[in-house]
2 protein chains.
Amino acid sequence: MTAESRADHRPSATPPLTERQEARRRRILDASAQLAARGGFDAVQMREVAEAAGVALGTLYRYFPSKIHLLVATMQDQLQHMHTTLRKRPPAGAVPAERVAETLMRAFRALQREPQLADAMVRALTFADRSVSPEVDTVSRLTTAIILDAMGAEQPTPEQLSAVRVIEHTWHSALITWLSGRASIAQVKIDIETVCRLIDLTAPRRPAGR
Amino acid sequence: MTAESRADHRPSATPPLTERQEARRRRILDASAQLAARGGFDAVQMREVAEAAGVALGTLYRYFPSKIHLLVATMQDQLQHMHTTLRKRPPAGAVPAERVAETLMRAFRALQREPQLADAMVRALTFADRSVSPEVDTVSRLTTAIILDAMGAEQPTPEQLSAVRVIEHTWHSALITWLSGRASIAQVKIDIETVCRLIDLTAPRRPAGR
DNA sequence: ATCAAGTCTGTAACTTGTTCTACATTAGCG
DNA sequence: CGCTAATGTAGAACAAGTTACAGACTTGAT
């Protein structure tokens, strides 16, 4: 299988870390996720993360130059998980639009299990300013890869890529409205299904319903 | 009928303000917009807003219980402007989808003139947590009203309302990617046009088929 | 094994959002 | 008019993100 064509997600120009450094990084990310899962964005306090990870505050800041960087990296980490999980059990729908909607709903259910963690990650993602662009972009590319996987589009047209971008927009924004209690789970579902109709609209050839 | 009528954008249970209070509120909102226009989200510092508005810090917090509340209120204010401006020169497109896209692009161009102000308002909007839900909801209703106006849909179907919600999602999220420098103006335009195609899909009378 | 350069640690300081307190002013009402 | 509660003012105090720094520890090359 060509299962690793788009699978290289790590930032490219990172000098290799020693084993202990890799371990520190992991402890930090785990501590971050754990604190986030408990109390959301506000509960991820840099001093607490440092202490929980057994690392000095200055070190934490050397690894992640801001709280936002840390949480975006945490999201990267979680997305990685999700992506491999999804690859193991691909969506079953007959039509691309269905498969994408199913995939996103599966991801959504995963987030519902840890709503506080979702809160921390999504808020960080949308609050990120230019200094975090590369990292946010990595998250975005991961999300795109997941959606394209679900579509089964090897060679997406520019039109399809636009549709995917719009789907991502909707996905993020719908999550936010859900997290802030302004939309129900049912409404998020409807929004996702609605936007996925765009995929039919942009299929390379005629939609050819079956 | 209660004070909560469809076009009433002000929070309902607000005791009437005296003239001096109305003036203070206005000075605060103006100061906020001015500081935001200069340096974006970070430049809106509560002490500075208070000083610029000629008001004590405690008073500022009595009027707006947090920086996020303040910036969301600022957005409400600006949207109000935009709405009345748009009503004066309605979009000219022949088809609802075109008119909505035109309207959003007009709003987008307005934001481009004050990108820093846009940054402050949009970041506040998406960062807002549950405590700001009512205010964010007001902004959302205003946006919905603007889009429905452009569609010319007096009696929108539930399907159309879903489409409008998805358009709003795309609008907010596309703005964020633009503000953080991850998408070009051209790309935002494409995304808006792409999502507006959903309106055709959900028009009450459909084209042939299915 | 040794040395230089780079990393970590612990801790204090600084910034800005937010809260608190003590006092002054204002608004509404008898 | 004169009182009382609400509102406003000035400024200190507190919280959490971020930065700074001196000293200890790895690490990698010689």
Side-chain angles (χ1 to χ4, degrees), chain A residues 14-29 31-32 35-36 38-74 119-121 123-124 127-132 135, chain B residues 13-29 31-32 35-36 38-74 119-121 123-125 127-132 135:
Chain A
T14 309
L17 299 181
T18 73
E19 205 154 315
R20 307 189 58 195
Q21 287 175 322
E22 202 59 73
R24 266 191 209 102
R25 195 186 131 89
R26 181 107 307 278
R27 288 203 308 277
I28 292 172
L29 285 176
S32 164
L35 286 170
R38 216 169 273 313
F41 186 89
D42 293 334
V44 181
Q45 303 194 353
M46 299 304 268
R47 288 174 238 259
E48 291 215 22
V49 172
E51 186 178 4
V55 124
L57 190 57
T59 306
L60 172 52
Y61 273 94
R62 177 188 288 276
Y63 280 73
F64 302 97
S66 78
K67 173 170 174 171
I68 300 292
H69 282 84
L70 170 59
L71 284 171
V72 171
T74 304
D119 171 77
M121 297 189 306
R123 297 259 295 285
F127 191 63
D129 68 357
R130 298 180 115 86
S131 72
V132 204
E135 289 79 3
Chain B
T14 309
L17 299 182
T18 72
E19 205 154 315
R20 307 189 57 194
Q21 286 176 321
E22 202 59 72
R24 267 193 209 100
R25 195 185 133 89
R26 181 107 306 280
R27 287 204 308 276
I28 292 172
L29 284 175
S32 165
L35 285 170
R38 215 169 275 312
F41 186 89
D42 292 335
V44 181
Q45 303 193 354
M46 298 305 267
R47 289 172 237 260
E48 293 215 20
V49 172
E51 186 179 4
V55 123
L57 190 56
T59 305
L60 172 53
Y61 273 94
R62 178 188 289 275
Y63 281 73
F64 301 97
S66 78
K67 173 170 173 171
I68 301 292
H69 282 85
L70 171 58
L71 283 172
V72 171
T74 304
D119 171 77
M121 297 189 307
R123 298 259 295 284
L125 200 69
F127 191 64
D129 68 356
R130 297 181 114 84
S131 72
V132 204
E135 288 80 3

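Below, chains carry the letters A, B, ... as their sequence lines are ordered, and counting in each starts from 1. As the structure is a prediction and not an experimental result, all values here were calculated from the model. As a basis for the values below, the full set of heavy atoms in this structure was taken, side chains included, without hydrogen atoms, waters or symmetry mates.
A 4.5 Å side-chain heavy-atom check between Leu29(B) and Phe64(B) finds at least one atom pair inside the cut-off. Within the 4.5 Å cutoff, the side chain of Arg123(B) has no heavy atoms near those of the Leu71(B) side chain. When side chains are defined from C-beta on, Gln21(B) does not count as touching Arg25(B), because their heavy atoms never get closer than 4.5 Å. The side-chain heavy atoms of Phe41(A) and Ile68(A), taken from C-beta on, include a pair separated by under 4.5 Å.
Distance, Arg24(B) CZ to dA6(D) C1': 12 Å, rounded to whole Å. Glu51(A) has its CD atom 12 Å from the P atom of dT11(C), to the nearest Å. In this structure, the CD atom of Glu22(A) is 12 Å from the P atom of dC8(C), given to the nearest Å. In this entry the distance linking CE of Met46(A) with P of dA12(C) reads 20 Å, nearest Å. Between Asp42(B) atom CG and dG17(C) atom C1' there is a gap of 12 Å when expressed in whole angstrom units. Going from atom NE2 of His69(A) over to atom P of dG17(D) covers 16 Å, rounded to whole Å. Atom C1' of nucleotide dG17(D) and atom CD of Gln45(B) are separated by 14 Å, given to the nearest angstrom. We find that CZ of Phe64(A) is positioned 12 Å from P of dC8(C), with the value rounded to whole Å.
With Ser32(A) contributing its side chain and Ile28(A) its backbone, the two residues share no donor-acceptor pair below 3.5 Å.
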Could you go step by step and tell me if Gln45(B) and Leu35(B) meet the side chain to side chain contact (heavy atoms under 4.5 Å, CB included) rule?
CA-CA 8 Å; Gln45(B) 303 193 354; Leu35(B) 285 170; over 6 Å; no
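Taking side-chain N and O atoms only, Arg47(B) has no distance below 4.0 Å to OP1 or OP2 of dG17(C). The phosphate of dA6(D) (OP1 or OP2) has no side-chain N or O of Gln21(B) nearer than 4.0 angstrom. In this model, the phosphate group of dT7(D) is not approached by any side-chain N or O of Tyr63(B) to a distance below 4.0 Å at OP1 or OP2.
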For a quick check, with a 4.0 angstrom heavy-atom cut-off, what is the B/S/- contact string for nucleotides 19-30 of chain D, read 5' to 3'?
B------SS---
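Residue contacts for Val49(A): at a heavy-atom cut-off of 4.0 Å it reaches no nucleic acid atom on any strand shown.
For the atom pair CG of Asp129(B) and CG of Asp119(A), the computed distance is 8.0 Å after rounding to the nearest 0.5 Å.
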